[in-house]
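Per chain, numbering begins at 1; letters A, B, ... match sequence-line order.
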2 protein chains.
Amino acid sequence: MTTRPRSTAGAGPARGRRRSSHSLDAVLDATVQLLDEAGGAALTFRSLAARLRTGVGTIYWYVASKEELLDRATDHALGPVLEAIDAVPEGEDPIDDLRRMAIVLFDAIVERPWLSAYFMRSMEIQVTSLRLYERLGRPTLRMDLTPRQRFHAVSAVTGFAVGTAADLGQEPPEAMLDDGADRDELLHRYADRWRALDADDYPFVHDIVDEFDGHDDVDQFRAGLELILAGLRLEAAG
Amino acid sequence: MTTRPRSTAGAGPARGRRRSSHSLDAVLDATVQLLDEAGGAALTFRSLAARLRTGVGTIYWYVASKEELLDRATDHALGPVLEAIDAVPEGEDPIDDLRRMAIVLFDAIVERPWLSAYFMRSMEIQVTSLRLYERLGRPTLRMDLTPRQRFHAVSAVTGFAVGTAADLGQEPPEAMLDDGADRDELLHRYADRWRALDADDYPFVHDIVDEFDGHDDVDQFRAGLELILAGLRLEAAG
DNA sequence: TATGTTGATCGAACATTGTTCGATAAGCTT
DNA sequence: AAGCTTATCGAACAATGTTCGATCAACATA
């Protein structure tokens with residue numbers, strides 16, 4: 001019978017009785033490293049095996065498929081995020097607490113865009129993301145809301161944070177590598193293209209193009225978050 | 001020199017001088033069909049070629065890569081959505097109009113989850129998604145807001161709609177095929193697992209688990225949308 | 001009509017990927 | 001020593017995106 005080794009979560013080195021030069025944690029660490037360094041496209045079983053100085057077959061002993069590898073790596077990388085959110089002190093206003101937590105979550109995903117793809121999925125399966133959901137939801141327990149309102153509000157906040165961060169994480173097409181243009185330069189190009197459109201056909205786009213040009217993604221997220229929170233505050237007051 | 005045929009957008013059959021048994025539109029139609037029938041995983045150049053009764057090389061004559069194929073197919077499928085949003089009549093309250101449009105957009109993406117992946121990306125490149133953005137933004141022109149507030153609000157609404165729909169689009173793991181469990185059954189299983197957690201460690205999860213069990217995705221989205229719109233209304237009133 | 005040019009088609013071949021599987025060693029129990 | 005479990009390894013397989021040269025069909029020009 002071929003069982004997988006029990007997750008040596010937090011235990012000493014080589015917790016299993018048999019000595020193992022590798023471990024699930026080592027595999028996950030290397031996975032996160034590769035993901036961080038070169039993005040999702042660079043993560044292959046062969047590159048991972050090379051980094052671990054082992055064969056591809058070994059990785060398949062710890063993990064049944066690439067899907068499971070990414071699921072577990074996501075959960076693995078979510079650990080520190082959970083700690084950071086736990087570190088948010090309970091303040092006077094529950095909405096302030098919720099805001100702080102949402103920003104921590106958003107920042108973490110922006111830094112590691114590959115998290116978003118498996119975050120939602122893992123919420124219902126893995127442990128860490130469910131705990132994150134729990135922490136995000138706790139402030140709402142101090143508010144005068146129905147369970148249904150709480151469920152919808154917290155889902156909206158997390159969904160908005162993850163969804164927005166996911167969009168930002170998509171790397172732009174080929175235009176960047178052609179010449180050495182950074183994000184601001186790209187934004188500026190798109191903005192100019194928008195400005196060239198007919199003002200009668202695109203009144204809204206013209207109205208906001210100066211804001212789009214050179215805008216800060218974090219500001220944009222915060223503004224949207226404020227809308228949700230303002231709506232929530234209203235709901236709790238009513 | 002090998003040029004690509006000018007997009008025969010709306011023109012008669014075989015607009016190019018040379019007769020072509022296929023066309024970019026035909027390729028895009030078949031792509032959307034395959035995507036609808038069997039999801040993103042089923043779309044391969046070979047299956048697409050088989051459906052079109054042609055060779056893979058032919059597809060590469062119309063499209064430079066799979067990325068471009070999906071970009072164009074997304075834009076192609078967004079056409080009817082744009083029409084549906086254009087069909088929303090201008091009403092008394094701009095926020096009501098924005099709500100209606102957002103729901104149309106959300107419904108369209110839920111029906112075709114593969115749209116979400118390239119929607120945001122194509123917003124800055126392709127035509128149709130920019131037009132959608134324009135339409136979504138127009139109601140805000142009738143409100144007392146700064147361009148910056150409009151930009152943030154419309155970005156939040158579209159981001160929330162696309163992001164939420166994208167999450168819903170992810171097909172659940174293997175649990176569905178093991179036994180013939182539908183969505184409600186799956187939800188129920190997860191809910192039961194949540195109920196089994198320690199109530200002291202997971203007070204929020206326990207508070208909302210009955211709402212999670214059997215919840216409707218559309219309701220959830222609408223509730224979140226209402227929060228954003230309520231916040232926006234407040235902003236415009238202040 | 002003959003010839004060359006361009007638009008368009010086709011599928012074999014290549015590189016890369018996820019995954020399987022049998023061989024094999026290393027530790028542990030008896 | 002024998003046997004079982006744990007773990008490692010890489011060759012081999014199937015599927016996929018992509019390239020490329022061969023080839024044909026329509027048109028222009030002479």
Side-chain angles (χ1 to χ4, degrees), chain A residues 1-8 11 13-28 30-31 34-35 38-73 114 117-118 173-174, chain B residues 1-8 11 13-28 30-31 34-35 38-73 114 117-118 173-174:
Chain A
M1 202 61 60
T2 77
T3 340
R4 235 161 288 147
R6 31 212 133 309
S7 72
T8 66
R15 185 65 199 78
R17 39 195 101 170
R18 309 290 185 274
R19 164 194 88 90
S20 63
S21 49
H22 308 291
S23 71
L24 182 58
D25 271 341
V27 171
L28 264 34
T31 303
L34 271 179
L35 251 16
L43 179 73
T44 70
F45 275 81
R46 285 169 179 81
S47 67
L48 186 56
R51 168 149 312 203
L52 289 166
R53 308 211 191 177
T54 179
V56 285
T58 303
I59 303 173
Y60 273 94
W61 196 88
Y62 290 97
V63 151
S65 67
K66 190 168 190 180
E67 202 172 299
E68 189 189 320
L69 175 68
L70 284 168
D71 266 333
R72 292 202 124 96
W114 49 270
Y118 284 78
E174 351 68 58
Chain B
M1 204 59 63
T2 77
T3 340
R4 237 162 285 146
R6 28 214 133 311
S7 72
T8 67
R15 185 64 200 81
R17 40 196 101 172
R18 309 287 186 276
R19 166 193 89 87
S20 63
S21 49
H22 308 291
S23 71
L24 182 58
D25 271 342
V27 171
L28 265 45
T31 302
L34 272 178
L35 251 16
L43 178 73
T44 70
F45 275 81
R46 285 168 178 83
S47 67
L48 185 56
R51 167 150 311 204
L52 288 167
R53 306 211 192 177
T54 180
V56 285
T58 303
I59 304 174
Y60 273 95
W61 196 90
Y62 291 97
V63 148
S65 66
K66 190 166 190 181
E67 201 172 299
E68 190 188 321
L69 174 69
L70 285 168
D71 266 333
R72 292 202 123 97
W114 47 271
Y118 284 79
E174 349 69 59

Presence of B:Tyr60 side-chain N/O under 4.0 Å of C:dA8 phosphate oxygens OP1/OP2:
no

Given C:dT19, D:dG17, D:dT18, which nucleotide is nearest the side-chain atoms of B:Val56?
D:dT18

Any side-chain to backbone donor/acceptor pair from B:Lys66 onto B:Leu43? Under 3.5 Å, distance only.
yes

Rounded to the nearest Å, what distance is computed from the CD1 atom of residue A:Ile59 to the C1' atom of nucleotide D:dA7?
14 Å

Over all strands shown, is A:Leu43 touching base, sugar-phosphate only, or nothing at heavy-atom distances under 4.0 angstrom?
sugar-phosphate

Counting the atoms with a prime plus P, OP1 and OP2 as sugar-phosphate, which does B:Thr58 contact under 4.0 Å by heavy atoms, base, sugar-phosphate, or nothing?
base

First encountered from the 5' end of DNA chain D, between A:Gly55 and B:Ala41:
A:Gly55

Given D:dG10, C:dG18, C:dG7, the nucleotide with the shortest approach to the side chain of B:Trp61
C:dG7

Return the nearest nucleotide to the side chain of B:Phe45; candidates are D:dT8, C:dT19, D:dT18.
D:dT18

Name the closest nucleotide to the B:Thr54 side chain, picking from D:dA12, D:dT8, C:dC10.
C:dC10

Selected nucleotide, minimal atom distance to B:Tyr62 side chain, candidates C:dT9, D:dG17, C:dT17
C:dT9

Counting N and O atoms only, with roles assigned by atom type, does the side chain of B:Thr31 sit under 3.5 Å from a partner on the main chain of B:Leu69, one being a donor and the other an acceptor?
no

Which nucleotide in D:dT16, C:dA8, C:dG18 has an atom nearest any side-chain atom of B:Lys66
D:dT16

